[in-house]
Amino acid sequence: MGRHSRPHLVAIDGPAGSGKSSVSRAVARRLGFDYLDTGAAYRALAWYVLSKTIDPADAPAVVAALPDFDYSIGIEPDRYYVQVGDTVVTDEIREPEVSAAVSAVARIPEVRSHLTRLFRTIAAGSPRTGVVIEGRDITTVVAPEAEVRILLTASEEARMARRSAEISTQSAETVAEQLRSRDRADSQVVEFMSAADGVITVDSTHLDFEQTIDAVIDVINTRREELA
Ligand SMILES: Nc1ncnc2c1ncn2[C@@H]1O[C@H](COP(=O)(O)OP(=O)(O)O)[C@@H](O)[C@H]1O
Ligand SMILES: Nc1ccn([C@@H]2O[C@H](COP(=O)(O)OP(=O)(O)O)[C@@H](O)[C@H]2O)c(=O)n1
């Protein structure tokens with residue numbers, strides 16, 4: 001068994017509601033890996049910008065706020081938290097106001113390069129055998145060298161239904177419209193609707209949660225055998 005007999009990085013991209021966070025966390029748990037949710041950092045930055053009453057569309061003002069953006073995240077699958085400075089924002093970053101502001105900060109190139117560096121540092125600091133990293137540009141920009149690269153997709157209908165089942169404070173139509181408009185804005189900046197070269201697509205439209213975890217584990221095991 002060589003040093004490369006196990007994948008160190010598993011990169012998972014996909015659109016909103018495809019199951020990236022929940023599936024990545026479950027896969028990490030099963031493998032004894034850490035789990036890095038990159039969307040949380042974009043969300044936390046959007047939360048931070050709003051808390052400073054900065055307009056998320058004011059790119060120079062957002063970039064000027066980056067040096068003071070003191071971010072931390074729990075990467076153990078069972079100790080997930082998101083913190084900015086001394087404030088725990090794990091729940092706040094899922095609020096509709098943050099979801100509505102996040103694409104504006106995510107389209108700023110300096111924000112992307114700043115956070116990309118941060119993600120690489122966090123992943124490199126993991127004491128575990130491997131890390132599952134999940135987002136929109138992990139397979140292409142953040143960790144294109146990852147041993148396993150997966151695009152997790154699901155039909156728009158399935159994704160909207162899953163997300164609206166989670167959010168009880170808004171109507172299904174509102175949730176769906178917000179998700180569609182965020183996907184549209186995000187896909188102008190990064191390509192996550194089709195798989196890049198060497199990236200394996202897992203379509204979860206007709207799979208339940210457990211079946212999706214199994215499908216991702218199968219892809220990882222197949223790659224392990226190829227690399228062994
Ligand atoms: N294959 C699946 N079948 C049904 N529900 C799923 C499946 N995968 C994920 N979910 C559920 O869908 C919702 C959205 O998943 P989430 O992991 O938050 O997606 P993402 O991180 O891609 O936005 C969650 O409630 C999750 O439990
Ligand atoms: N690698 C990433 C991850 C997230 N993002 C941005 O962060 C937002 C929130 O990501 P998320 O993964 O928490 O979103 P959901 O798909 O879970 O709703 C996305 O809508 C993108 O604007 C990004 O640009 N690049």
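Counting convention: from 1, in listed order, for ligands and their atoms alike.
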[atom]: which protein heavy atom is closest, and how many Å away?
atom: atom 24 (O) of ligand 2; value: R112 NH1, 2.8 Å
atom: atom 21 (O) of ligand 1; value: S21 OG, 2.5 Å
atom: atom 7 (O) of ligand 2; value: Y42 CB, 3.3 Å
atom: atom 14 (O) of ligand 2; value: R182 NH1, 3.3 Å
atom: atom 13 (C) of ligand 1; value: E166 OE2, 3.6 Å
atom: atom 10 (N) of ligand 1; value: R162 CD, 3.8 Å
atom: atom 26 (C) of ligand 1; value: S22 OG, 3.5 Å
atom: atom 2 (C) of ligand 2; value: R136 N, 3.4 Å
atom: atom 17 (O) of ligand 2; value: R163 NH2, 3.4 Å
atom: atom 8 (N) of ligand 1; value: F209 CD1, 3.7 Å
atom: atom 4 (C) of ligand 2; value: G39 CA, 3.5 Å
atom: atom 1 (N) of ligand 1; value: T212 OG1, 2.8 Å
atom: atom 19 (O) of ligand 1; value: G19 N, 3.1 Å
atom: atom 18 (O) of ligand 1; value: R163 NH2, 3.1 Å
atom: atom 1 (N) of ligand 2; value: D137 OD1, 2.9 Å

Report yes if the side chains of [X] and [Y] come closer than 4.5 Å at any heavy-atom pair, otherwise no.
X: Q178; Y: S99; answer: no
X: V10; Y: V27; answer: no
X: L9; Y: I133; answer: yes

Just distances here: any N/O of [X] and N/O of ligand 1 closer than 3.5 Å?
X: V23; result: no
X: G17; result: yes
X: E134; result: no

Considering the heavy atoms of [X], write down every atom of ligand 2 situated less than 4.0 Å from one of them.
X: T38; value: 1 (N), 2 (C), 3 (C)
X: R94; value: 13 (O)
X: G135; value: 1 (N), 3 (C)
X: A16; value: 16 (O), 18 (O)
X: D186; value: 19 (C), 20 (O), 21 (C), 22 (O)

To which of D37, V102, I133 does the heavy atom nearest atom 8 (C) of ligand 2 belong?
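Shortest heavy-atom distance from atom 8 (C) of ligand 2: V102.
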Among I213, V202, L207, which one has a heavy atom closest to atom 3 (N) of ligand 1?
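It is L207 whose heavy atom sits nearest to atom 3 (N) of ligand 1.
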Treating Q83 as the side-chain partner and G85 as the backbone partner, does any N or O pair qualify as donor plus acceptor under 3.5 Å?
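Yes, the answer is positive, given that a donor and an acceptor are paired below the 3.5 Å cut-off.
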Between the side chain of T87 and the main-chain N/O of V89, is any donor-acceptor distance below 3.5 Å?
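Not a single qualifying donor-acceptor pair exists.
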Take every heavy atom of Q178, measure it against each atom of ligand 2, and state whether any distance is under 4.0 Å.
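Q178: no contact with ligand 2 (<4.0 Å).
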Residue-ligand contact R107/ligand 2, heavy atom below 4.0 Å
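No heavy atom of R107 comes that close to ligand 2.
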Show me which atoms of ligand 1 lie under 4.0 Å from any heavy atom of P15.
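It comes down to these atoms of ligand 1: 22 (O).
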Can you sort out which atoms of ligand 1 are near K20, meaning under 4.0 Å from one of its heavy atoms?
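In order of numbering, the contacting atoms are 17 (O), 19 (O), 20 (P), 21 (O), 22 (O), 23 (O).
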So, [X] and [Y], do they make that salt bridge, N to O below 4.0 Å?
X: R163; Y: D183; result: no
X: R112; Y: D137; result: yes
X: R180; Y: E156; result: yes
X: D214; Y: R30; result: yes

Could you go through S164 and R159, starting from their C-alpha distance and side-chain angles, then the distance that decides it, and tell me whether this counts as side chain to side chain donor-acceptor pair (under 3.5 Å)?
CA-CA 9 Å; S164 67; R159 296 188 292 108; over 6 Å; no
Using a 6.0 Å distance limit plus a 45 degree cone around the ring axis, check whether R128 lies over the aromatic ring of F33.
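No, R128 does not lie over the aromatic ring of F33.
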Less than 6.0 angstrom from the centroid, inside 45 degrees of the normal: does R29 satisfy that with respect to the ring of Y35?
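No, a cation-pi geometry is absent between R29 and Y35.
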Determine whether more than 12 heavy atoms belonging to other residues, nucleotides or ligands lie under 6.0 Å from atom [atom1] of [X].
X: R94; atom1: CZ; value: yes
X: D197; atom1: CG; value: no
X: E157; atom1: CD; value: no

Report the part of A106 (side chain from C-beta onward, or backbone N, CA, C, O) that has a heavy atom under 4.0 Å from ligand 2; answer both or neither where that applies.
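The answer is the side chain.
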S113 versus E110, side-chain donor and acceptor atoms under 3.5 Å
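There is no such pair (donor and acceptor under 3.5 Å, judged by atom type) between the side chains of E110 and S113.
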Please report whether ligand 2 has a polar contact with R43, defined as an N or O pair separated by less than 3.5 Å (distance criterion only).
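Yes, there is a polar N/O contact under 3.5 Å.
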Taking only non-hydrogen atoms of G14, do any sit less than 4.0 angstrom from ligand 1?
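No, G14 has no heavy atom closer than 4.0 Å to ligand 1.
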Min heavy-atom dist A158 to ligand 1 below 4.0 Å
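In this structure, A158 fails to qualify as a contact of ligand 1 - no heavy atom is under 4.0 Å.
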Roughly how far, to the nearest 0.5 Å, is NZ of K20 from CG of L151?
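The CG atom of L151 sits 9.5 Å away from the NZ atom of K20.
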Given salt bridge (charged side-chain N to carboxylate O under 4.0 Å, His left out), test E177 with R184 step by step and report yes or no.
CA-CA 11 Å; E177 188 38 49; R184 260 199 307 275; 3.6 Å; yes
V63 reachable from Y71 in the ILVMFWY side-chain graph, under 4.5 Å edges:
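Yes.
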